[in-house]
Amino acid sequence: MANAARAIAEAGHVGLVETFAERLARACLEDGRVRRATVRIEKPGALAAVIAPGCEIVLGR
């Protein structure tokens with residue numbers, strides 16, 4: 001999954017962490033053994049007064 005995350009990042013700027021999370025979850029599901037993918041992304045420092053804003057996405061078959 002680290003390689004998939006790198007490939008998504010190297011493909012170009014992703015404006016939203018939600019978009020990145022969805023792309024990574026879909027990449028996980030490309031492996032036929034994976035039935036459900038949960039991706040949680042935190043972006044510390046992105047918002048003042050928030051410790052670690054981010055998102056979580058769950059995709060399944």
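Every value quoted in this text rests on a predicted model; they were computed, and no experiment measured them.
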*Asks:* Going by the side chain to side chain contact (heavy atoms under 4.5 Å, CB included) test, name the single residue among Glu18, Glu22, Glu42 that passes it with Cys55.
*Replies:*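 For Cys55, the side chain to side chain contact (heavy atoms under 4.5 Å, CB included) check succeeds only for Glu18.
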
*Asks:* Check side chain to side chain donor-acceptor pair (under 3.5 Å) between Arg35 and all other residues, then give those that pass, not counting sequence neighbours.
*Replies:*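 Result, side chain to side chain donor-acceptor pair (under 3.5 Å) vs Arg35: none returned.
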
*Asks:* Quick one: closest heavy-atom pair of Ala37 and Cys28, and the distance?
*Replies:*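 Residues Ala37 and Cys28, closest heavy atoms: CB-CB, 3.7 Å.
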
*Asks:* Looking only at heavy atoms, what is the nearest atom pair of Met1 and Leu24, with distance?
*Replies:*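 Answer, listing the atom of Met1 first, then Leu24: O-CD1, 4.0 Å.
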
*Asks:* Identify the two heavy atoms, one from Ile41 and one from Phe20, that lie closest to each other, and give their separation to 0.1 Å.
*Replies:*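 Looking at all heavy atoms of both residues, the shortest contact is CD1-CD2, 3.3 Å.
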
*Asks:* Look at the side chain of Arg61 and the backbone N and O of Val34, then say whether any donor-acceptor pair between them is shorter than 3.5 Å.
*Replies:*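 Yes; judged by distance alone, with no hydrogens or angles, the pair exists.
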
*Asks:* Taking the side chain as every heavy atom from C-beta outward, state whether Arg36 and Val58 have any atom pair closer than 4.5 Å.
*Replies:*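 Arg36 reaches Val58 side chain to side chain.
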
